[in-house]
S.K.: 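One structure, pasted below without further comment.
Letters A, B, ... mirror the listed sequences (proteins, then strands); counts begin at 1.
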Amino acid sequence: MIKYNPQKIEKKWQKEWEKKKLYQAKDKVKGKKNFYHLTMFPYPSGDLHMGHWYNYAPSDVYARFKRMQGLNVMSPIGFDAFGLPAENAAINRNLDPKIWTYSNIKSMKKQLDSIGVSFDWSREVITAEPDYYKWTQWIFLKLYEVGLAKKEKVLANWCPHCKTILANEQVQDGRCERCDTVVEQKLLEQWFFKITDYAQKLLDGLEKIDWPETTKILQRNWIGRSEGAQIEFRIENSEYRIKVFTTRPDTIFGATFMVLAPEHELVKKITKDAQLGQVNNYLEKTKKKTELERIAEVKEKTGVFTGAYAFNPATKEKIPIWISDFVLPHYGTGAIMAVPAYDERDLEFAEKFGLPVRKIDLDDKILSELEKRGLAERKTSYRLHDWIISRQRYWGAPIPMIYCQKCGIIPVREKDLPVLLPKIKDYKPSGTGESPLAEVKDWVNVKCWKCSGPARRETDTMDTFVDSAWYFLRYADPKNKKEFVSKEKLKDWLPVDIYIGGQEHATKHLLYARFITKVLYNYGYLNFNEPFVKMRHQGLILGPDGNKMSKSRGNVIDPDEIVKKFGSDSVRMYLCFMGPYENGGLWDPKAIVGVFRFLNRVWNLINSKFQNFKTQNKELDKIFNKAMKKIGEDIENLRFNTAVSELMKLLNEIENKELAKDQIKIFLKLLAPFAPHLTEELWREVLKNKKSIHLEKWPEYDSKLIEEETIYLIVQINGRTRDIIKVPRDLNESRVRELALSSEKIKKYTAGKEIIKFIYISNKLANIVL
RNA sequence: GCCGAGAUGGCGAAAUUGGCAACCGCAACUGAUUCAAAAUCAGUCGUCCGCAAGGACUUGAGGGUUCGACUCCCUCUCUCGGCACCA
């Protein structure tokens, strides 16, 4: 008998499938429903690691299963090609980011193919292609048109290493999520998308989508809705008013002072001359603080008095106005009424600066009273920030705007898209707050299309997350030159039926994609307002030592090496088998031999049994039916680990029995989504089938064969199992009682005792209470 | 501090409406095969007592509900993830 040689058969079938275009999805197939199966596209880092495998292999099992179930499955793939990491890596190697990115794409494609994933490469989307980013720019223009894209001077997170502004979502613990450098606050004119306008819609939409509850909670917390009131405070000897947001208007009688954020616009207007020096001093100091320093100083409150006073609208009392950086400029109104008796932070501040703390009775009615007097209104605040999309970097889609000396800021006309990213000599970020594109004079200087006068292009590029916020739409119609996607193709494929990817994108990509979808829906470009009907996450694969795999730790497992040793089918299947998909887990280098042995046994079984198929065996049919039911249900629910376990059990049970050809076929079909190469080889070469096993129908179980006529009934005494008796299905209680009590084992316990209660759970268990 | 997830043999884990805890696999051990090793095959494998039959105990800790709890409720411990001066 020939030995199982995965390397040989895997390459062979991968080529064959490609040649036959087995996984290319047609937009319409008669009698088949379309199913859009999407796995997050990779960013072309150069190497495919185990994490990619864990994302794509089990996800592919699901796609293959759906295809066998008779759905017209589209499983597209592409590359998230623009962005900081690629650019940084290229600069480190002294390479053109484009050359670096595209050579990575080339090698990653090969590696992706080695997984044996049923991707439809004909729909490949690369976000750095002009054909693609033309439409990213178009989306920008649409947002600009309706006032959702704006440019303003804002204090934003500046990474001094990457030399660019970052969105709030890309800063973690005060550090750049890419390079871990401490982020500074910099005042720059930035383009941003007003995602805050959609805060409520983003919140509401969560109710109707099938996503992991934990991810919804992450998004809800990130959006951070809180209800309260905005209350106006009059300032002594001034026409200015201070508006504050509070969730506790009922505590207003205890408000003994006010605090403004240093950035608050009224600070300069109300500060008294005597305090001007100390206030300016304080403003200077806060400006220099990094986000990290602010976090570190949480415990120690700082602040200065402005010299001005306001009137508490409830008590009419005169209260001092202070400035402190514990009040955040971008939340609420950037000003608070301080109620030290009810708020820990206000208390700390009061104690440090000797301000009064007054305990009072809470007053539920004060808000409506203030409303009547026109001093308050009910309001909802969100923690969500607007999405800053300007990047002072080269490797991204240029923002399609022009600055004309006469006409001001004007958008590039749609017919002039795409604004091509020019070739450039020096990619390095300048660090001046301007993109290196600013140096490309013949690109920057343009004629204004309105007045033909001299104008300059916007030199910032867009955040990569803009590219990935809509890529799933393009797969439906990747070559369309006239539209980002045609109405017809949208109808064929969207929204995405299932989306599989990591949870780390919960408050970034997954939020942005929902936002862009909602905007496009709102303005009539889409007919659905949630992009991903169903979302599931894969867990994280850790190194054998339990740490995140990293080169510096030396715990990186190279998938290519494992594939060389065991074959891709084994790696696929082991990844499925190692535990619940959403948990991830440690890569145990020894454990993979378990599935490798299993596949060898399958190989040997089918090669040896081929000669002497016998007629069917009823008992075996039952065993098959149970397995068919369980495996199908498990894959449907992405419980790949128990599905593999069931396949192993099935093999254990059938291995030494006479098998009919139909039963062997069923077994191979059940295994096909997991081990596509091995099953194809056996299907075609041993069973001599003409067509691919991957075009076969998923075997449906016969429910009549699932229920046994005789069942094993557990007999317990006081909740402890004492015997198991064989009885006919659906036996009535009195007969069961009779049988149970006549068992020798049970008699031992019941002898001379009174039966207090007899509990019977049909077809499962009887419990005798003594 | 707030929000969330989790804790089951030496290890990964199973136990989808409360009903035989530990399926399936890894590792380990015993045996067969082999000159030998690998591979393969047959078996043992939660802990304790016992030659065995059998019995007792066991799902992070403690309590509760129930005929019956890994599963439900309360209290606590630890681990991981997210947010974090959000008024």
S.K.: I need the CG-P distance between A:Asn583 and B:G81, as an integer number of Å.
M.R.: 14 Å
S.K.: For B:G60 and B:C67, measure between their P atoms and round to the nearest Å.
M.R.: 24 Å
S.K.: Students often get this wrong, so: under 4.0 angstrom with heavy atoms, is A:Ile336 touching a base, only sugar-phosphate, or nothing?
M.R.: base
S.K.: Taking A:Glu646 first and then A:Lys630, would you say they form a salt bridge - that is, a charged N and a carboxylate O separated by under 4.0 Å?
M.R.: no
S.K.: Nearest to the side chain of A:Lys649, which nucleotide is it out of B:U17, B:A87, B:C23?
M.R.: B:C23
S.K.: How close or far is atom P of B:G1 from atom CG of A:Leu347, stated in whole angstroms?
M.R.: 17 Å
S.K.: So what does A:Gln716 hit on the nucleic acid, given a heavy-atom distance under 4.0 Å: a base, only sugar-phosphate, or nothing?
M.R.: base
S.K.: Counting side-chain heavy atoms from CB outward, which of B:U40, B:G19, B:C24 is closest to A:Asn652?
M.R.: B:C24
S.K.: Could you check whether the side chain of A:Gln503 and the base of B:G82 have a donor-acceptor pair of N or O atoms closer than 3.5 Å, going by distance alone?
M.R.: no
S.K.: Once you round it to whole Å, what is the distance between C1' of B:G18 and CD1 of A:Ile761?
M.R.: 9 Å
S.K.: Tell me whether B:G10 sits syn or anti, counting syn as a glycosidic angle within 90° of 0.
M.R.: anti
S.K.: So, does A:Ser226 get its side chain near the phosphate of B:A87, meaning an N or O under 4.0 Å from OP1 or OP2?
M.R.: yes
S.K.: With a 4.0 Å cutoff (strictly under), does any side-chain N or O of A:Asn641 reach OP1 or OP2 of B:A14?
M.R.: yes
S.K.: If the test is ring pair (Phe, Tyr, Trp, His ring centres under 6.0 Å), which one of A:Phe353, A:Tyr282, A:Phe257 qualifies with A:Trp322?
M.R.: A:Phe353
S.K.: Check this for me, if you would: do A:Glu351 and A:Lys301 make a salt bridge, where the nitrogen-to-carboxylate-oxygen distance has to be below 4.0 angstrom?
M.R.: no
S.K.: Roughly how many Å is it from CG in A:Leu542 to P in B:G6, rounded to a whole number?
M.R.: 18 Å
S.K.: Give me the one residue out of A:Phe596, A:Trp587, A:Phe598 that meets ring pair (Phe, Tyr, Trp, His ring centres under 6.0 Å) with A:Tyr574.
M.R.: A:Trp587
S.K.: Looking at B:U40, which nucleotide sits across from it as a Watson-Crick or G-U wobble partner, both distances under 3.5 angstrom, or is there none?
M.R.: B:A32
S.K.: In whole Å, measure the gap between the P atoms of B:C72 and B:G6 for me.
M.R.: 10 Å
S.K.: With a 4.5 Å limit on heavy-atom distance, are the side chains of A:Ser324 and A:Val259 in contact?
M.R.: yes
S.K.: Between A:Arg720 and B:C57, is there a contact of a side-chain N or O with OP1 or OP2 at under 4.0 Å?
M.R.: yes
S.K.: Any side-chain N or O of A:Arg597 under 4.0 Å from OP1/OP2 of B:U40?
M.R.: yes
S.K.: Across the strands shown, which category fits A:Ile759 at heavy-atom distances under 4.0 angstrom: base, sugar-phosphate, nothing?
M.R.: base
S.K.: Quick one: label A:Arg601 by what it contacts on the DNA or RNA (base, sugar-phosphate, nothing), any heavy atom closer than 4.0 Å.
M.R.: sugar-phosphate
S.K.: Please measure how far the P atom in B:C45 lies from the corresponding atom in B:G10, and state the result in whole Å.
M.R.: 15 Å
S.K.: Is any side-chain N or O of A:Lys757 closer than 4.0 Å to OP1 or OP2 of B:C67?
M.R.: yes
S.K.: Quick one: A:Met337 CE to B:C85 P, roughly how many Å, whole number?
M.R.: 20 Å
S.K.: Base, sugar-phosphate alone, or nothing: which one does A:Ile724 contact when heavy atoms must sit under 4.0 Å apart?
M.R.: base
S.K.: Just name whichever nucleotide pairs with B:G1, Watson-Crick or G-U, keeping both distances under 3.5 Å, else none.
M.R.: B:C83
S.K.: Would the base of B:C11 count as contacting A:Lys590 through its side chain, where contact means a donor and an acceptor less than 3.5 Å apart?
M.R.: no
S.K.: Rounded off to whole Å, could you give me the OH-to-P distance for the A:Tyr581 and B:A5 pair?
M.R.: 22 Å
S.K.: Roughly, in whole Å, what's the span from NZ in A:Lys3 to P in B:U40?
M.R.: 10 Å
S.K.: If you check every side-chain atom of A:Met648, which of B:C23, B:C67, B:G25 has the closest atom?
M.R.: B:G25
S.K.: Report which part of the nucleic acid A:Phe577 touches: base, sugar-phosphate, or nothing (heavy-atom distance under 4.0 Å, all strands).
M.R.: base
S.K.: Between the side chains of A:Arg248 and A:Asp250, is the shortest nitrogen-to-carboxylate-oxygen separation below 4.0 Å, so that they form an ion pair?
M.R.: yes
S.K.: Could you tell me how far apart A:Asp250 (CG) and B:A87 (P) are, to the nearest whole angstrom?
M.R.: 14 Å
S.K.: Under a 4.0 Å N-O cut-off, is there an ion pair linking A:Lys626 with A:Glu653?
M.R.: no
S.K.: Now, which nucleotide makes the Watson-Crick or G-U wobble pair with B:C76, with each of the two distances under 3.5 Å?
M.R.: B:G60
S.K.: Looking only at atom P, what distance separates B:U71 and B:A61, rounded to whole Å?
M.R.: 11 Å
S.K.: With a 4.0 Å cut-off on N to O distance, would you call A:Glu232 and A:Arg234 a salt bridge?
M.R.: no
S.K.: Any strand counts, and the cut-off is 3.5 Å on both contacts for Watson-Crick or G-U wobble. Which nucleotide pairs with B:A13?
M.R.: none
S.K.: When the P atoms of B:C78 and B:A84 are considered, how many whole Å apart are they?
M.R.: 25 Å
